[in-house]
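Bear in mind that the values here come from a model prediction, so they are computed numbers and not experimental data.
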Amino acid sequence: GAFTGVRLATSVAQGLAFGAELPVVPVSDLAAVAQRAFDLNARLQHVLVCNDARMQQVYWACFDRGATGLAVLTGAEHVSGDASIALPEVWQRGVGGAGRGFRVYPHLGAHMNLIDVREELLPRAAEIARLAWPEVMAGRTCAAQEAIPVYLRDDVTRTSRK
């Protein structure tokens with residue numbers, strides 16, 4: 001979501017978890033979008049998620065379909081110009097695309113030879129919960145006060161000094 005939306009969602013999660021004395025699990029919105037793409041198309045083995053970051057940039061990450069059917073991050077999450085997007089070399093077929101970055105940069109799907117591009121997908125609570133559950137069961141949680149947003153582009157909030 002947008003800068004303010006991410007901060008609000010984090011505050012709500014922190015408040016609910018703190019009040020209920022429960023731990024939290026961080027889940028990337030890019031991973032949630034990848035999971036939606038995997039759920040919508042069983043042929044996909046890999047998904048490039050690309051969301052519009054404005055300022056002529058995109059947030060993007062590559063995900064594999066894990067053995068349990070859940071999205072697994074391959075590499076890192078990035079923010080860059082669309083020309084800097086690179087798929088893993090081992091990805092040969094079964095590659096889809098998801099996210100609103102494909103709406104802003106429609107050439108990406110054809111340029112990367114993607115078999116299915118879902119430009120309308122946004123993260124939803126259902127996919128976030130599916131991705132969080134195995135983490136909870138494995139004990140990979142954190143305290144409510146440690147639930148902080150991760151901004152891939154965090155330098156726009158700082159003022160420059162000359």
Side-chain angles (χ1 to χ4, degrees), residues 1-10 12-13 16-17 23-142 147 149-153:
F3 182 79
T4 302
V6 170
R7 295 176 63 86
L8 286 170
T10 301
V12 169
L16 291 172
V24 296
V25 175
V27 175
S28 164
D29 65 335
L30 296 176
V33 171
Q35 189 61 52
R36 282 194 74 189
F38 286 133
D39 292 346
L40 290 168
N41 188 336
R43 295 182 314 149
L44 296 181
Q45 295 304 309
H46 317 285
V47 172
L48 165 64
V49 178
C50 180
N51 283 330
D52 183 20
R54 308 249 192 312
M55 299 170 55
Q56 300 174 344
Q57 291 184 317
V58 289
Y59 300 115
W60 64 276
C62 297
F63 294 87
D64 290 320
R65 182 188 297 272
T68 62
L70 296 179
V72 177
L73 179 65
T74 300
E77 295 183 346
H78 307 272
V79 61
S80 69
D82 64 301
S84 297
I85 297 173
L87 299 178
E89 290 183 21
V90 296
W91 284 10
Q92 298 298 318
R93 60 189 135 186
V95 181
R100 295 222 166 148
F102 290 99
R103 182 175 291 163
V104 177
Y105 301 98
H107 64 278
L108 287 175
H111 172 72
M112 296 187 170
N113 205 21
L114 304 178
I115 63 169
D116 185 13
V117 175
R118 307 280 181 132
E119 65 183 33
E120 75 284 358
L121 296 185
L122 293 170
R124 297 187 318 178
E127 288 78 26
I128 291 170
R130 284 190 59 215
L131 292 167
W133 184 247
E135 299 299 305
V136 170
M137 296 308 294
R140 292 186 290 266
T141 62
C142 63
V150 174
Y151 298 106
L152 295 179
R153 180 177 59 205

d(Ile85 CD1, Leu108 CG) to nearest 0.5 Å is 4.5 Å

Closest non-hydrogen atom pair between Cys142 and Ala147, with its separation: SG-N, 4.4 Å

Hey, are the side chains of Phe63 and Leu30 touching, using non-hydrogen atoms and a 4.5 Å cut-off? yes

Separation between CG of Leu70 and CZ of Phe38, rounded to the nearest 0.5 Å: 9.5 Å

If you look at every heavy atom in Pro88 and Thr74, which pair is closest and at what distance? CG-CG2, 3.9 Å

Using modelled atom types and a 3.5 Å cut-off, is there a donor and acceptor pairing between side-chain atoms of Gln56 and backbone atoms of Ala53? no

Heavy-atom side-chain proximity of Asn113 to Val95 below 4.5 angstrom: no

Write out all pairs satisfying salt bridge (Lys or Arg N to Asp or Glu O under 4.0 Å) with one or both partners inside residues 113-125, taking only residues at least two apart or from two chains. Arg103-Glu119, Asp116-Arg118, Arg124-Glu127

Taking every non-hydrogen atom, the tightest pair across Leu121 and Ala98: CD1-CB, 4.0 Å

Asn41 side chain vs Arg43 backbone, donor-acceptor pair below 3.5 Å: yes

Tell me the closest heavy-atom pair linking Ala86 and Cys62, and the distance in Å. O-SG, 4.0 Å

Verify, without hydrogens or angle tests, whether Arg100 (side chain) and Leu122 (backbone) share a donor-acceptor contact under 3.5 angstrom. no

To check you understand the geometry: which heavy-atom pair defines the closest contact between Gly99 and Val33, and what is its length? N-CG1, 4.1 Å

Let me confirm one number: the CG-CD distance from Asn51 to Glu77, rounded to the nearest 0.5 Å. 10.0 Å

Could you list the donor-acceptor pairs under 3.5 angstrom formed by side chains in residues 130-141, with sequence neighbours left out?
residue, atom, partner, partner atom, Å
Arg130, NH1, Asp39, OD1, 2.9
Arg130, NH1, Asp39, OD2, 2.5
Glu135, OE1, Arg140, NE, 2.8
Glu135, OE2, Arg140, NH2, 3.3

Of all heavy-atom pairs linking Val104 and Asp52, the shortest is CG2-OD2, 3.5 Å

Not counting sequence neighbours, list each pair that qualifies as a ring-ring contact (aromatic ring centres under 6.0 Å, His included) and has a residue in residues 80-123. His46-Trp91

Quick one: are Leu73 and Ser28 in side-chain contact, heavy atoms under 4.5 Å? no

